[in-house]
Amino acid sequence: MYMSTDEIRRAFLKFFESKGHQIVESSSLVPADDPTLLFTNAGMNQFKDCFLGIEKRSYTRATTAQRCVRAGGKHNDLENVGFTARHHTFFEMLGNFSFGDYFKDDAIAYAWEFLTDVLKLPQEKLLVTVYETDDEAFDIWNKKIGIPEDRIIRIGDKKGGKAYESDNFWQMGDTGPCGPCSEIFYDHGEEIWGGRPGTPEEDGDRFIEIWNNVFMQFNRHADGTMEPLPKPSVDTGMGIERISAIMQGVHSNYEIDVFQKLIKATAEVIGYDDLSNQSLRVVADHIRSCAFLIVDGVMPSNEGRGYVLRRIIRRAVRHGNKLGAQGAFFYKLVGVLADVMGTAGEELKKQQELVEKVLRIEEENFGRTLERGMTILTEALDNLDGKVLDGETVFKLYDTYGFPADLTNDVAREREFSIDEEGFEKAMEAQRQRAREAGQFGTDYNEAIKVDTQTEFCGYTGTEGEGAVDAMFVEGEETDSLSAGDKAIVILDETPFYAESGGQCGDTGVLKTASGLFKVSDTQKLGNAFAHYGVLEEGVLAKGDKVHAQVDADRRIASALNHSATHLMHEALRLVLGEHVVQKGSLVKAEGLRFDFSHLEAVKPEELREVERIVNKQIRINHEIETNIMDIESAKAKGAMALFGEKYDDQVRVLSMGDFSTELCGGIHAKHTGDIGLFKILSEGGIAAGIRRIEAVTGEAALDAVEAQANQFEEKLSEAAARSKSLEKEIQQLKDKLASQESANLANNVKEIAGVKVLVSQLNGAENKALRGMVDELKNQLGSGIIMLGNVAEGNKVGLIAGVTKDLIGKVKAGELVNMVAQQVGGKGGGRPDMAQAGGSDPAALPEALKSVDSWLAERL
């Protein structure tokens, strides 16, 4: 019975929903609050705290279709991808989970029913494995399900290994939940080479594992002791690509519908005809991991998750180039991927534009990096002492510039060199070891604080409440009483204190009893319990005591205003920059807010001003901030924006601010947007490739920011005015100096008329204001004489000035002289007998007008 991959996915979830399981959306590929994992690599990752007993949810049965990536850390399939039938960087794991609900009987029965009744797989094609000593699972398969003994294979511990080191014994880490598992295999037929599980030929492709049922039965202690768990649980996983191959009658995962469409699209984009080429499979696989990593907030970089993403992109591009790709091609596959993923591609469709842009930029940058790598390789070969290129250089080219060893070897071989393959493998193994160490769980399960209490939160309506002490911890150890000075964690059955979540900081305040005072410095979640961190400052506190819990109200209100402003800003950013903007992190505290979001370039100043304007407009509208509790599907139907990858219960809080903003949020908010008062952005900048950060403030802090900004403006204005005045003074001094120099030059043109020194000259481009200083300087130089200067300044304005020393004003008046010239250039003027100025509008007439001065003076002298 043929089924598409999307049909299988939907059938699996529907089946387990019919068995009372809550359908839980795939979590982000970036594990939430789990530094021990590079990427989500199994369906159980998002339920880890449920299995550890730290977290309790509203359901005890769950089912998922979880996106996974194995391309770094402990699980790294990258080098095999494209060259085997079933290795991938990205895959989907179908799973069903029980948290202390059903156990082996139901888990095995559900798996068998789905495979044989829903998918209609032939029973004779299936065989199973169990842990060697797990007689319980063996009997369920044999006596209840009816599988013959010869198709149930017991798998023991590995030879020479420790106890419980078996392919059929699962453990979360060196300590903590663990237990036997039962795997289901499909027989692809005698024509495929390979042996049954447990035989020397088990690595062949005939018998393929399709489903693993893990029975979390024990708690393993550091000394190796296996303690039975009080609530055994179930964790299962079935790779959708493997079961799709079976349902679609093909042997290789790369032959299923999803990959065939991607391979054909890749061939079309590149312009390559041979669809069997393995490089097409590499590209088809890598576009899945790259696209969904970007959707979940990972951006190419030189470290951590971003570095792994960059390596995968470069590996895909290299294989495309091997097939003759010209220019950027990889990003063109995103739209095809979004379509072929069906129901699992909805979030990718929303962020398609962003994903395409990130991939295109990275691919173009890699083109330049490739050139630099070739330069380094060429230089290394040119300077090589001998005929073998050392392994460290080969590894550097691979690790830094994305050159695979075979590419380096090809280039070297063309020049009759070889590479040190052993040295390269040694460097590679060192890197793999670092990756494995980075991927280990770092916490002893038995040292983690496990709290069975579920705290009821009563803080949405007020900042005070009554509660009873359910548990207390000092340095991780539970205690029944506290004395003054003890630093501790206090768990209440009911509290108005908000525990840090959704980016909003935990509340501070005090817990009071008749005989004690506990000062709360922070509030965090421990599973479903609210943990009050602080110090007992007075008296004593005992388990069971009734306390009056009092939150720091001013701090709470300030945080609430900032949180509400964050929602408004999120929507404003999407309106101004585009719907590709997605929240990638936030921090809301009393002092201000911080908001990280996806955007590939710096936000322009005018865009930031527009965001501020929109937010403040919504504040002035004074929307009522409404909260409604509804199921997740109804919330989405209402248009509520969910943060992709966040964990949500089946009942969620939908926060609405008029028709402007609707989001899922469990945080504390203002009652009306008008309560925010004022919103002010302080800064915007990049924190990673494709991730920007805005810091802002509201209320009084925003007023303080505006006032500080105004004060800075005034200070800068005063500084600018003082600077301008100083520059003007310097300019005038320079002008005076230039005028003095010009006067000295003009003195060389003095002539005599009737024994009187006369200077008549035309200037061009001098400032008319500077003419008076020049005349004074010339009169001093001449001692006795007559001066007539004409100037054509900017804008073709004519400036005239006449100067007569006092001993000659009885014969010649400066005012009469300047007026005579002015009339000839379209103006008039006058002044004192010794100094007179005038203007004119006809610069072309100035030369002739100045020539008339000599005859005019001759008549009077």
Side-chain angles (χ1 to χ4, degrees), residues 16 19-22 24 34 36-37 42-64 95-111 129-141 155-157 162-183 211-237 440-454 470-471 473 476-478 491 526-529:
F16 280 98
K19 302 297 184 182
H21 292 65
Q22 172 72 43
V24 180
D34 189 348
T36 67
L37 283 176
M44 63 79 64
N45 290 162
Q46 68 166 307
F47 303 115
K48 177 182 169 185
D49 285 349
C50 298
F51 289 123
L52 290 174
I54 296 174
E55 178 184 1
K56 289 182 175 63
R57 300 195 183 182
S58 59
Y59 46 84
T60 56
R61 300 181 175 203
T63 184
T64 63
N96 58 286
F97 310 90
S98 164
F99 313 121
D101 191 325
Y102 61 85
F103 200 45
K104 295 180 184 179
D105 276 291
D106 286 338
I108 290 172
Y110 290 152
T129 62
V130 297
Y131 185 54
E132 187 173 36
T133 59
D134 191 359
D135 295 333
E136 183 183 6
F138 186 98
D139 289 342
I140 295 171
W141 281 117
I155 303 293
D157 298 329
K162 300 177 181 178
Y164 307 112
E165 283 193 359
S166 167
D167 289 339
N168 276 68
F169 196 92
W170 180 92
Q171 48 194 334
M172 184 178 292
D174 292 334
T175 62
C178 58
C181 60
S182 179
E183 298 174 331
W211 200 328
N212 188 16
N213 289 273
V214 175
F215 309 123
M216 293 191 189
Q217 193 168 351
F218 304 104
N219 172 26
R220 185 173 187 169
H221 291 271
D223 61 2
T225 305
M226 303 293 279
E227 175 190 6
L229 289 171
K231 295 181 179 180
S233 299
V234 171
D235 159 28
T236 83
Q440 298 294 328
F441 287 101
T443 303
D444 187 331
Y445 162 77
N446 297 293
E447 292 181 357
I449 295 177
K450 295 178 284 293
V451 183
D452 292 330
T453 297
Q454 178 165 330
D470 266 0
F473 298 86
E477 296 292 330
E478 189 166 4
I491 309 293
L526 288 178
N528 292 325

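- Remark: Thr60 OG1 to His21 NE2 distance equals 8.5 Å, nearest 0.5 Å.
- The two residues Trp170 and Pro177 make their nearest non-hydrogen contact at CZ3-O, 3.7 Å.
- A ring pair (Phe, Tyr, Trp, His ring centres under 6.0 Å) with Tyr110 is found for exactly one of Tyr102, Trp211, Phe97, namely Tyr102.
- Formation of a donor-acceptor pair under 3.5 Å by the Asp139 side chain with backbone atoms of Glu136 is not found in this model.
- Side-chain contact between Asp134 and Phe169 is absent, with no heavy-atom pair separated by less than 4.5 Å.
- Counting all heavy atoms, side chain and backbone alike, Ala62 lies closest to Phe99 at CB-CE1, 4.1 Å.
- For Lys231, there are no salt bridge (Lys or Arg N to Asp or Glu O under 4.0 Å) partners, not counting sequence neighbours.
- Atoms OG1 and CG, on Thr175 and Asn219 in that order, are 7.5 Å from each other to the nearest 0.5 Å.
- A donor-acceptor pair under 3.5 Å links the side-chain atoms of Ser166 to the main chain of Gly156, judged by distance alone.
- Between Lys104 and Pro180 there is a side-chain heavy-atom pair separated by less than 4.5 Å.
- For the residue pair Arg61 / Tyr59, no side-chain donor-acceptor distance below 3.5 Å is found, with atom types taken as modelled.
- Asn168 places a side-chain heavy atom less than 4.5 Å from the side chain of Glu183.
- In this structure, Phe138 places its CZ atom where more than 12 heavy-atom neighbours from other residues, nucleotides or ligands lie under 6.0 Å away.
- Looking only at side-chain heavy atoms (C-beta outward), Pro228 and Gln217 stay at 4.5 Å or farther from each other.
- At least one side-chain heavy atom of Trp141 sits less than 4.5 Å from a side-chain heavy atom of Ile108.
- Annotation: the span from Tyr164 atom OH to Gln171 atom CD amounts to 10.5 Å, rounded to 0.5 Å.
- The distance from the CZ atom of Arg57 to the SG atom of Cys50 is 4.0 Å, given to the nearest 0.5 Å.
- Residues Ala163 and Arg220 share a closest heavy-atom pair of O-NH2, 4.1 Å.
- Here the side chain of Asn528 pairs a donor or acceptor atom with the backbone of Lys56 at under 3.5 angstrom.
- With values rounded to the nearest 0.5 angstrom, Phe103 atom CZ is found 8.0 Å from Leu229 atom CG.
- At distances below 3.5 Å, not a single donor-acceptor pair connects side-chain atoms of Thr63 with backbone N or O atoms of Phe16.
- Residues satisfying the salt bridge (Lys or Arg N to Asp or Glu O under 4.0 Å) criterion with Asp157, sequence neighbours excluded, are absent altogether.
- For the pair Thr64/Gln46, a side-chain contact is recorded, criterion being any heavy-atom separation below 4.5 Å from C-beta on.
- In this structure a side-chain-to-backbone donor-acceptor pair under 3.5 Å is present from Ser233 to Gly100.
- Between Asp235 atom CG and Asn212 atom CG the span is 8.0 Å, to the nearest 0.5 Å.
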Could you walk me through whether Ser182 and Phe215 pass side-chain contact (heavy atoms from CB on, under 4.5 Å), step by step? CA-CA 8 Å; Ser182 179; Phe215 309 123; 3.9 Å; yes
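- Side-chain atoms of Asn213 and Thr236 form no donor-acceptor pair, as typed in the model, at a separation below 3.5 Å.
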